[in-house]
J.: 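What follows is a single structure, and I will ask about it in a moment.
Only heavy atoms go into these numbers, but all of them, side chains included; no hydrogens, no water, no symmetry mates. All values derive from a computational prediction rather than experimental measurement.
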Amino acid sequence: MSLNRHQIREAAFQVLFALSSNSDASHDDLYHQVLESYHDTSEDVPTYLVQLVDGVTTHHQELDEEISKFLKKTWSVERLARTDHLILQIAFFEIDYVEDVPDKVAVNEALELAKKYADETAKNFINGVLSSKLG
């Protein structure tokens, strides 16, 4: 079974969440563990999944600096809930580094992740930050 981009983003979120708890974990093991939950028994890890995970991991500092620009002065990236932070990092990565994903799609997908993994307040917060970024 081949995953669609929405499922790949969700898988990337799950892998990144696991890595945020254990940065020494094997990416390959995490990919396969997460993909099993989608009943994806193929040996190939989707290229876009690797692109998202590696991109967020590689550019985390730049992404955090960019996210910080859109937070209230009394907030910092360190104060964000882990789920909110990761969802924003994925969205900012797609907006800033993935040319074939329209900004509106990145925002919508971030909100879909927030619906599933965060509460209503977080969803509204994420929407506000992303709307501010896109102006």
J.: In the structure I gave you, are the side-chain heavy atoms of Lys133 and Glu66 within less than 4.5 Å of one another anywhere?
T.: yes
J.: Under a 3.5 Å distance rule, please check whether Arg79 uses its side chain to pair with a backbone N or O of Thr74 as donor and acceptor.
T.: yes
J.: Donor-acceptor pairs under 3.5 Å, side chain of residues 103-112 to any protein atom, not counting sequence neighbours: which ones?
T.:
from	atom 1	to	atom 2	distance (Å)
Glu109	OE1	His6	ND1	2.6
Glu112	OE2	Lys115	NZ	3.1

J.: Is the backbone N or O of Gly128 less than 3.5 Å from a side-chain atom of Ser131, with the two atoms forming a donor-acceptor pair by type?
T.: no
J.: Does this structure show an ion pair linking Arg5 with Asp100, if we count only N-O contacts that are shorter than 4.0 Å?
T.: yes
J.: Working to the nearest 0.5 Å, report the span between OH of Tyr38 and CG of Leu3.
T.: 7.0 Å
J.: I'd like to check Phe17 versus Gln14 (side-chain heavy atoms, cut-off strictly below 4.5 Å). Are they in contact?
T.: no
J.: Could you please spell out the steps behind the side chain to side chain contact (heavy atoms under 4.5 Å, CB included) verdict for Phe13 and Leu52?
T.: CA-CA 9 Å; Phe13 171 80; Leu52 285 175; over 6 Å; no
J.: Start with the C-alpha gap between Leu16 and Thr57, add the side-chain angles, then the distance that decides, and say whether side chain to side chain contact (heavy atoms under 4.5 Å, CB included) holds.
T.: CA-CA 8 Å; Leu16 289 164; Thr57 303; 3.8 Å; yes
J.: Give, for atom CD of Gln51 and atom CD of Glu94, the distance between the pair rounded to the nearest 0.5 Å.
T.: 8.5 Å
J.: Measure the acute angle between the ring planes of Phe93 and Tyr97, then classify it against the limits of 30° and 60° as parallel, tilted or perpendicular.
T.: parallel
J.: Parallel under 30°, tilted from 30 to 60°, perpendicular over 60°: which one fits the rings of Phe70 and Phe92?
T.: tilted
J.: Any chance you could measure Thr83, atom OG1, to Asp119, atom CG, to the nearest 0.5 Å?
T.: 8.0 Å
J.: Between Arg82 and Ser21, is any pair of side-chain heavy atoms under 4.5 Å apart?
T.: yes
J.: Nearest 0.5 Å, what's the CG-OG distance between Leu19 and Ser26?
T.: 9.0 Å
J.: May I ask you to say whether Lys123 pairs ionically with Asp84, meaning some side-chain N is under 4.0 Å from a carboxylate O?
T.: no
J.: Mind checking whether Arg9 and Leu49 have side chains closer than 4.5 Å, heavy atoms only?
T.: no
J.: If you look at every heavy atom in Glu10 and Leu113, which pair is closest and at what distance?
T.: CA-CD2, 3.7 Å
J.: Taking atom types as modelled, is there a side-chain donor on His85 or Asp64 under 3.5 Å from an acceptor on the other?
T.: yes
J.: Any donor and acceptor pair, going by atom type alone, linking the side chain of Thr58 with main-chain N or O of Gly55 inside 3.5 Å?
T.: no
J.: Is there side-chain contact between Phe125 and Leu71, with heavy atoms separated by less than 4.5 Å?
T.: yes
J.: Would you indicate whether the side-chain heavy atoms of Tyr31 and Val53 approach each other to under 4.5 Å?
T.: yes
J.: Quick one, Leu63 and Leu88 - any side-chain contact, counting heavy atoms below 4.5 Å?
T.: no
J.: Which distance, rounded to the nearest 0.5 Å, do you find between the NE2 of His27 and the NE2 of His32?
T.: 13.0 Å
J.: Is there a donor-acceptor pair under 3.5 Å between the side chain of Gln7 and the backbone N or O of Asn4?
T.: yes
J.: Could you grab the distance from atom CG of Leu130 to atom CD1 of Ile95, nearest 0.5 Å is fine?
T.: 5.5 Å
